[in-house]
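Worksheet: one structure, shown below.
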Amino acid sequence: MDTARTGTDGIDTPRPPAPDFETVTAEELAAYSAAENRFRSSAAARALLGEPDPGATVEWRHLALPGRELPVRVHRPTAAPGAAPEAGSDAAPDAEGSRLPLVVHVHGGGFVGTATQCDWTTSHLAARLPALVVSVEHRLLAPGLPLAQAAADGWDALAVLVRDAERWGVDPERVAVLGESCGALISALSAVRAAAEGLPLRAQVLVNPVTDVTAAMFDHPSVAAYGDRPGPTLPLLRLVRRLSVPSGDEAAARALSPLHAPGLGRTAPALVVVPTQDSVADHGRRHAERLRAAGVPVRLTEYPDAPHAFLTLPGLEPQAVAARAEILGFLRTALEAR
C-alpha cells in the first residue's frame, strides 16, 4: 500500500504555507498541492483530522475506467452481522444478511485535497450505518485539468460501482452520494445526472457546498461577509473559478453549477449542511431553496459559528461531532431496507 496516502507513515510531515492565490503559478500550485496533501495524509495531521473508526477497514483500490484508472478509498464495516461473503468476493452483508448500502463520497479542496482527510467521517459511516463507503480520489483542479474532469470522475465512479454492485457486495437500490465543498458540487452534479439517466439514488448529502462557479459566485452576501476569513477567501474562490472554467464561458460555468442545473425536481432527497462562518454559506442556502422549490424533500441545517470544512476538523471544531451524527441519522433512514 502507498504509505504516502495511508496517513500512517509516522513521519512528522510539516504543513506548507499557502501561496498567494492571486499570483500563484502552475508550478507553485502543483508544489503546494503535493505538499499539502502529504501533510493531510500523514500521521501528524490526525490531531486535526481525527482518527479512523476502528469498526471499519480502510484500503486503497482502483476503478478501471475507459482510458484511466481512478483511485478510490474504500471503507468497509469489519463486523457486519449475517452470512459471510464467498471467498474472494468483495461482498459484505448488512444486518439483514443482504448486500450493504453504498455511499459514494467526494472530498473537498478543489485544487488540493485527498480522500484520506475524510477518514474520520467516512470510516464512521461505514462502521455505523453499516455501509460500503467509497471515497473518490478525483483529479484535482489545475491548469489543463478543469472542473469538468473532476466531475466526470465523481459520476464515473458512481456509475461503475452501481453497475458492478454484485461484485462490490452492495445493493444498487440503496445508494447515496455525499460530498464536501467542491466535492459537494461534484456530488450534486452526480445526483442531477443520476436522475436524468435513471440511476436510483436514495439521498444526497451536501456539506458546506460550493454550488456556483458562474461569474455570480462572488455576489452572494456570505462571500462579502466572510471572504477575508480563513477558509475559501475571495482570492481562493477566484482561483477556483479560473481553474474550473479556464475559457470563462458562462454557458460552461452554468453547466457545472448545481445551483443553475435544470431537472432538480427529479433528484434525490437532500441534506444540506451549512456552517454559518463560511464565505460559501449562501451557496448551500440558495441550492437548498432551489431544491425545495422544485419539490425535492430537503433538510437544511446550519451550524452556528462553524467555519468552512469544519466536518473534516474534529480536532479543532467540536460541532463536527454533531454534524457527523446528523449525517449518519439521515443516511440511516434513507438507506434502510424496504
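Model, not experiment: these values are computed from the prediction.
Separating the CZ atom in Arg167 from the CG atom in Asp164 is a distance of 5.5 Å, to the nearest 0.5 Å. Atom-to-atom distance recorded for Arg241:CZ and Ser244:OG is 8.5 Å, nearest 0.5 angstrom. Summarising the geometry, atom CD belonging to Gln117 is positioned 10.5 Å from atom CZ belonging to Arg46; distances are rounded to the nearest 0.5 Å. Separating the CD atom in Glu317 from the CG atom in Leu311 is a distance of 11.0 Å, to the nearest 0.5 Å. Considering CZ of Arg229 and CG of Leu234, their distance stands at 14.0 Å, rounded to 0.5 Å. To the nearest 0.5 angstrom, Leu256 atom CG is 10.0 Å from Ile186 atom CD1.
No side-chain heavy atom of Phe39 sits under 4.5 Å from any side-chain heavy atom of Leu49. Side-chain atoms of Asp156 and Leu70, non-hydrogen and from C-beta on, never get closer than 4.5 Å to each other. Taking 4.5 Å as the limit, every side-chain heavy atom of Val240 sits out of range of all side-chain heavy atoms of Val210. With a 4.5 Å cut-off on side-chain heavy atoms, Thr276 and Tyr226 do not count as touching. Counting only heavy atoms from C-beta outward, the side chains of Leu65 and Val160 approach each other to under 4.5 Å. Within the 4.5 Å cutoff, the side chain of Leu147 has heavy atoms near those of the Val213 side chain. Between Ser279 and Leu237 the shortest side-chain heavy-atom distance falls below 4.5 Å. Counting only heavy atoms from C-beta outward, the side chains of Val207 and Val272 never approach each other to under 4.5 Å.
Arg290 places a side-chain N or O within 3.5 Å of a backbone atom of Leu259 that can act as its donor or acceptor partner. No donor-acceptor distance shorter than 3.5 angstrom exists from the side chain of His62 to the backbone of Pro71, with no hydrogens or angles considered. Judged by distance alone, the side chain of Ser181 and the main-chain N or O of Gly108 form no donor-acceptor pair under 3.5 Å. Using modelled atom types, one side-chain atom of Arg324 and one backbone atom of Trp120 make a donor-acceptor pair closer than 3.5 Å. With Glu180 contributing its side chain and Leu206 its backbone, the two residues share no donor-acceptor pair below 3.5 Å. Formation of a donor-acceptor pair under 3.5 Å by the Thr233 side chain with backbone atoms of Gly227 is not found in this model. With hydrogens and angles ignored, the 3.5 Å screen pairs a side-chain donor or acceptor of Thr333 with a backbone N or O of Gly329.
With 3.5 Å as the limit, one finds a donor-acceptor pair spanning the side chains of Ser135 and His105. A side-chain donor from one of Glu137 and Thr114 sits under 3.5 Å from a side-chain acceptor of the other. Checking Thr122 against His75 by side-chain atom types alone, a donor-acceptor pair falls below 3.5 Å. Between Asp282 and His220, the side chains place no donor N or O within less than 3.5 Å of an acceptor N or O (distance only, hydrogens not considered).
Taking the ring centroids of His138 and His107, they lie under the 6.0 Å cut-off.
A salt bridge does not link Glu289 with Arg292: every distance from a Lys NZ or Arg NE/NH1/NH2 to an Asp or Glu carboxylate oxygen is 4.0 Å or more. In summary, Arg40 and Glu36 engage in a salt bridge, as defined by a charged side-chain N under 4.0 Å from a carboxylate O. Look at Arg61 and Glu59 and you find a salt bridge, because one of the NZ, NE, NH1 or NH2 atoms lies within 4.0 Å of a carboxylate O, short of that distance. Ion pairing between a basic and an acidic side chain is recognised when a charged N comes within 4.0 Å of a carboxylate O; Asp119 and Arg73 show such pairing.
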Take Arg254 and Asp212 through the salt bridge (Lys or Arg N to Asp or Glu O under 4.0 Å) test and state the conclusion after the steps. CA-CA 8 Å; Arg254 287 180 69 86; Asp212 189 0; over 6 Å; no

Please test Leu239 against Arg242 for side chain to side chain contact (heavy atoms under 4.5 Å, CB included), starting from the C-alpha separation and ending with a verdict. CA-CA 5 Å; Leu239 176 60; Arg242 292 198 303 273; 3.4 Å; yes

Residues Val170, Val162; criterion side chain to side chain contact (heavy atoms under 4.5 Å, CB included); working and verdict: CA-CA 8 Å; Val170 296; Val162 172; over 6 Å; no

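Ring geometry for Tyr303 versus Phe310: interplanar angle of 30 to 60°, hence tilted.
Leu335 and Val133 fall within the same hydrophobic cluster, where Ile, Leu, Val, Met, Phe, Trp and Tyr residues are linked whenever their side-chain heavy atoms come under 4.5 Å apart, directly or through other members. A chain of hydrophobic side-chain contacts below 4.5 Å, direct or via other Ile, Leu, Val, Met, Phe, Trp or Tyr residues, connects Val273 to Phe330. Linking ILVMFWY side-chain heavy atoms closer than 4.5 Å, directly or via other members, places Val136 and Leu145 in two distinct hydrophobic clusters.
Residue pairs meeting the side chain to side chain donor-acceptor pair (under 3.5 Å) criterion with at least one member in residues 189-204, sequence neighbours excluded, are Arg193-Glu197, Gln204-Thr267.
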